[in-house]
Amino acid sequence: MNIEDYGWDGYFEKEWKKKHKEGMLPARIISDYGQFLRVVCEKGEGLVKRPVQKAYDEINLAVGDWVAVDDLSEDQRSICFVLPRKTKFSRAAAGYEVKEQIVAANVDVVFLIQSLNRDFNMRRLERYLIAAWESGAMPVVVLSKADCCDDLPQKLAEVYETAPGVDVHAISCVTGEGIDDIKKYISKGKTAALLGSSGVGKSTLTNLLAGAELLKTSEVREKDSRGRHTTTHRELILLPQGGLIMDTPGMRTLLLWEADTGMEMMFGDVEELTKKCRFYDCRHENEPGCAVKEALESGSLENTKWEAWVKLQKEQEYLEAKKQGKLRQREKKWAKQIASIKTDSY
Ligand SMILES: Nc1nc2c(ncn2[C@@H]2O[C@H](COP(=O)(O)OP(=O)(O)OP(=O)(O)O)[C@@H](O)[C@H]2O)c(=O)[nH]1
Ligand SMILES: [Mg+2]
Ligand SMILES: [Zn+2]
């Protein structure tokens with residue numbers, strides 16, 4: 001096994017030199033089963049336990065991460081540390097707690113997949129694009145099931161409008177249309193991740209690229225053509241022609257975690273506009289001299305785009321407040337701890 005085939009390069013080598021010790025090997029996480037992770041190193045594959053009670057980054061490991069493992073036999077390896085990531089695609093984990101969930105680490109390209117035969121949704125694509133720009137990886141929009149679509153030019157026009165400057169490909173795993181275009185992004189040592197809702201054909205595409213039925217796929221539901229959440233864990237697969245592809249479980253919602261760069265990339269023009277209002281604290285409702293209102297009236301800003309921005313902005317503010325709340329809790333805990341140290345020692 002050659003780790004360069006798995007994406008090891010000068011960047012990781014440099015980071016490795018800073019921190020590794022005798023008796024450690026670099027390994028890449030290729031699947032995530034919760035408590036256990038499958039890793040591959042020059043000595044082969046094996047399962048390791050997910051570390052607990054370590055630094056944040058070390059618990060929050062994800063498929064695609066490069067880690068250091070002990071150079072022991074397959075069933076005795078454990079993770080020593082994680083190498084700094086080149087890119088990371090994150091989302092806010094659903095649930096009460098404010099938590100980052102890393103969906104894919106160290107990917108070069110993210111294929112954002114929507115299928116052409118079901119709820120084709122530009123607002124959803126916007127979210128995926130924001131998260132992709134934030135991740136540091138290159139986004140590519142993939143429209144699957146082209147064999148089931150009879151208004152492709154119109155759909156493409158919508159995507160070009162939502163994702164200016166981003167590569168867009170319509171593909172079909174049935175006819176083979178567009179598959180060669182996808183292959184061009186995945187050369188030796190490069191990692192691509194497939195992200196999208198359940199049933200859009202991520203695992204089908206992975207199998208097609210791998211040239212083998214490695215992953216389970218299943219028919220979408222008859223009544224609403226939604227997927228059945230067939231894939232349940234992330235998996236990184238080495239392709240015979242070189243390069244790696246990561247299949248992921250379909251996402252129900254993509255709650256943004258960080259969005260500064262992503263929002264700027266997607267909504268830079270809207271943000272500029274909000275700065276042109278007469279009042280610096282303009283709520284863009286009925287204030288005089290509101291640049292947003294003017295742009296909406298003249299049609300230079302589309303209603304749907306503005307509404308999307310407002311919604312995302314609110315969501316970000318809410319998440320920020322939640323994060324701050326968590327911080328405050330931590331600070332309180334910290335203050336108590338310090339107080340107890342003081343009473344103990346003085
Ligand atoms: N007509 C048509 N059907 C496709 C195409 N690609 C995939 N499918 C079908 O769509 C269904 C769902 O495909 P999967 O590959 O399981 O979808 P997935 O995105 O992996 O779904 P999850 O694992 O649930 O997230 C299967 O029945 C596939 O055969 C395509 O290009 N055209
Ligand atoms: Mg799947
Ligand atoms: Zn305004």
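In listed order, ligands and their atoms are each counted from 1. The figures here come from the full heavy-atom set of this structure, side chains too, leaving out hydrogens, waters and symmetry mates.
For Thr231, a nitrogen or oxygen atom sits less than 3.5 Å from a nitrogen or oxygen atom of ligand 1, counting backbone and side chain alike. Backbone and side-chain nitrogen or oxygen atoms of Ala146 are examined, and none is located within less than 3.5 angstrom of a nitrogen or oxygen of ligand 1. Looking at ligand 1, you won't find any N or O of Pro249 less than 3.5 Å from one of its N or O atoms. Below 3.5 Å of separation, one finds an N or O of Gly199 facing an N or O of ligand 1. Checking only distances, Thr217 never comes within under 3.5 Å of ligand 1, N or O to N or O.
Using a 4.5 Å heavy-atom threshold, the side chains of Leu296 and His284 count as separate.
Taking the six-membered ring where tryptophan is involved, the planes of Trp16 and Trp8 are perpendicular, since the angle between them exceeds 60° and thus also 30°.
Salt bridge status for Lys155 with Glu158: absent, with no side-chain N to carboxylate O gap under 4.0 Å. A salt bridge between Arg278 and Glu287 is absent, with no side-chain N of the basic residue lying under 4.0 Å from a carboxylate O of the acidic one. Taking 4.0 Å as the cut-off between side-chain N and carboxylate O, Glu100 and Lys88 count as a salt-bridged pair. A salt bridge does not link Lys314 with Glu317: none of the charged nitrogens is closer than 4.0 Å to a carboxylate oxygen.
Atom CD of Glu161 sits in a sparse spot, with 12 or fewer heavy atoms from other residues, nucleotides or ligands closer than 6.0 Å.
Side chains of Ser203 and Asp247: a donor-acceptor N/O pair is present below 3.5 angstrom, by distance only.
Residue contact check: Cys148 has heavy atoms under 4.0 Å from atoms 1 (N) of ligand 1. Residue His229 has at least one heavy-atom neighbour below 4.0 Å for each of these atoms of ligand 1: 24 (O).
Clustering of Ile, Leu, Val, Met, Phe, Trp and Tyr by side-chain heavy atoms under 4.5 Å joins Ile171 with Val109, Phe111, Ile113, Met138, Val140, Val142, Ile179, Ile182, Tyr185, Ile186, Leu194, Val200, Leu205, Leu208, Leu209, Leu214, Leu215, Ile237, Leu239, Ile245.
Excluding water, every protein N/O/S atom under 2.8 Å from the Zn ion (ligand 3) is given here by residue and atom: Cys277 SG, Cys282 SG, His284 ND1, Cys290 SG.
Nearest to atom 7 (C) of ligand 1 among the protein's heavy atoms is Thr204 OG1, 3.5 Å. Looking only at heavy atoms of the protein, atom 3 (N) of ligand 1 is closest to Lys145 CD, 3.8 Å.
Remark: Glu22 pairs with no residue by the salt bridge (charged side-chain N to carboxylate O under 4.0 Å, His left out) rule, at least two apart or across chains.
Here 2 is the count of protein N, O or S atoms positioned under 2.8 Å from the Mg ion (ligand 2), waters not counted.
The CG atom of Leu256 lies 5.5 Å from the CD atom of Gln316; values are rounded to the nearest 0.5 Å.
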